[in-house]
Amino acid sequence: MTTMTSRRESQLEDGVKLNACQYCFLTLFCPTCQQTHPLAECAILQDIAADDKIMVNLRRRTGKSSTISFTKLPRGEHFSLSSIKDWYDYYTGLSDMGGFRSKMNRDLKYLSNDPKEREFIEYIRCGTNTTTIQLTLIAALEAITSKLSTRSSINLHIIGAAGAEFASIPAFEELLHLLPSLKALRLSFVGLNVIVDSTNDTETQNPHILQCCNRCTEMGRTISITTWRGPYHAYADTEHYRTPDLAAAFHSGFSVDKQADWYPTIKYLAQAPHPTLFTAARYFEIRGKLRVWKDLGGKFVKNAEINKWKGMSSSLVVCGDKPNEVFYQNHWWYIVKQR
């Protein structure tokens, strides 16, 4: 559990213990120090503690540390994500959970005392940490495509795909459910940590067809997934490569701790024949990336900004730029392409 202290317990006199804040339980005080801290700081830490508790309870109930919650049935009409404000509008308006409108606030926190309803609302709040990937992709497609509502096929490349992206695979059906004209979604997962067929060290280019809901299946709608293990710039030189409508790298970290591994791919993407979406946890990472793109001559389709489709569960930044700095899944985003 994270603590905010000026001294470690080992630095105190023998037998002296630190006192925890009675509201957030994450801030610890020396017995001789003031026993309060700023209300805004405490509120942030209370949110973090509450989300941690949701995750612990989820694992106890299900054995899992993540959930997936998205629209159960395809919509008959297209509504852009840019036309709604936040996750609350998504769940109570675009999605099919309008019945819970009065049960939760705009932060997806329960208002009801019913244990089952509370559990369900915690479930969908936690689910935003997974489906942030799909809604961020749809928002990016809206930003780069003038006639998204009429597209019958979309080709997406997920760069640096790893555990989070693979865990979210079932939620890619949300693109079919929110884009009524879409008939075929083609996904390519590319990266050094991609899971591939054990008989082939590099590629699995035979598409895996995702099982969709009965309604989508009856309508002949499909989602296919191929995988390729290796850096994206190398994949672009293979016979399997097809120019995507959009490529995306979620929390790549290329400007922070993986610069050498990522630089050849970044250099390629600066001149690639398609736009690329990037996300990051902190603006510190974004700031470093902006300098790299400027040097390589990339052009920004969307400038760096806070992503309204970030995951809702907050976490404390380890060694952040400022005290009690908070981050979310896909907190910041931007889109880049060749000039």
Side-chain angles (χ1 to χ4, degrees), residues 1 23-26 43-77 79 81 83-139 163-179 210-217 223 307-315 326-331:
M1 192 66 76
Y23 299 99
C24 67
F25 299 100
L26 294 181
I44 290 172
L45 297 179
Q46 286 181 55
D47 284 343
I48 291 172
D51 284 326
D52 283 349
K53 185 176 180 180
I54 290 173
M55 297 296 289
V56 170
N57 289 338
L58 175 68
R59 180 168 285 280
R60 285 175 177 170
R61 292 196 311 267
T62 68
K64 300 177 181 178
S65 57
S66 64
T67 66
I68 297 178
S69 180
F70 61 94
T71 308
K72 302 306 179 187
L73 297 173
R75 293 189 61 91
E77 185 178 359
F79 289 92
L81 291 183
S83 68
I84 61 176
K85 182 178 180 179
D86 51 22
W87 283 100
Y88 177 85
D89 286 346
Y90 160 75
Y91 276 121
T92 62
L94 282 188
S95 188
D96 40 23
M97 300 178 191
F100 285 86
R101 183 183 302 273
S102 62
K103 310 294 185 181
M104 59 186 176
N105 63 17
R106 298 205 77 91
D107 292 326
L108 304 189
K109 295 180 179 179
Y110 60 91
L111 299 176
S112 169
N113 291 323
D114 183 283
K116 290 296 182 182
E117 291 181 350
R118 172 178 175 174
E119 184 177 297
F120 181 76
I121 291 166
E122 290 179 342
Y123 181 94
I124 65 175
R125 178 180 166 87
C126 182
T128 65
N129 302 317
T130 301
T131 49
T132 172
I133 290 175
Q134 288 70 31
L135 265 64
T136 300
L137 284 168
I138 295 173
E165 290 79 11
F166 279 93
S168 78
I169 282 177
F172 275 97
E173 190 171 2
E174 186 71 327
L175 276 76
L176 297 184
H177 288 184
L178 296 186
L179 301 173
L210 187 66
Q211 179 66 51
C212 294
C213 71
N214 291 337
R215 186 79 61 85
C216 284
T217 301
I223 300 175
N307 175 19
K308 72 178 178 180
W309 303 115
K310 65 183 183 293
M312 291 291 287
S313 298
S314 54
S315 300
V326 172
F327 77 92
Y328 303 83
Q329 292 295 319
N330 302 315
H331 194 171

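Keep in mind that this is a model prediction, so the values were computed, not measured.
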Indicate the atoms forming the closest heavy-atom contact of W87 with L135, along with that distance. CZ3-CD2, 3.6 Å
Applying ring pair (Phe, Tyr, Trp, His ring centres under 6.0 Å) to F120 and not counting sequence neighbours gives F100
Give me the atom names and distance for the closest heavy-atom approach of Y328 to S313. CD2-O, 3.5 Å
Where is the tightest heavy-atom contact between L81 and A139, given as atom of each residue plus distance? CD1-N, 4.0 Å
Tell me, do H331 and V326 make a side-chain contact under 4.5 Å, heavy atoms counted? no
Could you give the distance from CG (N129) to OG1 (T67), rounded to the nearest 0.5 Å? 7.5 Å
Could you tell me whether R215 atom CZ has more than 12 heavy atoms of other residues or ligands within 6.0 Å of it? no
Could you measure the distance from the CG atom of L94 to the CD1 atom of I138? Nearest 0.5 Å is fine. 9.0 Å
Find out whether I121 and L111 are in side-chain contact, i.e. whether some heavy atom of one side chain is under 4.5 Å from a heavy atom of the other. no
May I ask you to test the C212-I223 pair for a side-chain heavy-atom distance under 4.5 Å? yes
Tell me if a side-chain donor or acceptor on D107 pairs with a main-chain N or O of K109 at a distance below 3.5 Å. no
Counting C-beta onward and ignoring hydrogens, is there a side-chain heavy-atom pair between K103 and D114 closer than 4.5 Å? no
Enumerate donor-acceptor pairs with a distance under 3.5 Å from any side-chain N or O in residues 167-178 to protein atoms, sequence neighbours excluded.
from	atom 1	to	atom 2	distance (Å)
S168	OG	Q134	NE2	3.1
S168	OG	E165	O	2.9
E173	OE1	C213	N	3.4
E173	OE2	H177	NE2	3.1
E173	OE2	C213	N	2.7
E174	OE1	T71	N	3.3
E174	OE1	T71	OG1	3.3
E174	OE2	T71	N	3.3
E174	OE2	T71	OG1	2.8
E174	OE2	Y90	OH	2.3
H177	ND1	T71	O	2.7

Does the pair T132 and N330 meet the rule for a side chain to side chain donor-acceptor pair (under 3.5 Å), with working shown? CA-CA 7 Å; T132 172; N330 302 315; 3.1 Å; yes
Tightest non-hydrogen contact, residues L73 and D96, listed as N-OD2, 3.5 Å
Heavy-atom closest pair (M312 atom, T128 atom, distance to 0.1 Å) is N-OG1, 2.8 Å
Show, in sequence, the C-alpha distance, side-chain angles and deciding distance for T130 and Q329, and conclude whether the side chain to side chain contact (heavy atoms under 4.5 Å, CB included) test is met. CA-CA 8 Å; T130 301; Q329 292 295 319; over 6 Å; no
K308 side chain vs I84 backbone, donor-acceptor pair below 3.5 Å: yes
Under 3.5 Å donor-acceptor, R101 side chain and T92 backbone: yes
Is atom OH of Y23 surrounded by more than 12 heavy atoms (other residues, nucleotides or ligands) closer than 6.0 Å? no
Could you tell me which non-hydrogen atom of T131 sits nearest to which non-hydrogen atom of Y91, and how far apart they are? OG1-OH, 4.3 Å
Can you tell me if K53 has over 12 outside heavy atoms packed within less than 6.0 Å of its NZ? no
Are M55 and C126 close enough that some pair of their side-chain heavy atoms sits under 4.5 Å apart? yes
Working to the nearest 0.5 angstrom, can you tell me the gap between I124 CD1 and I68 CD1? 14.5 Å
Ion pair R125/D51, N-O distance below 4.0 Å: yes
Looking at side-chain heavy atoms only, is the closest gap between Y110 and E117 below 4.5 Å? no
Rounded distance (nearest 0.5 Å) linking atom CZ of R106 with atom CG of D86: 4.0 Å
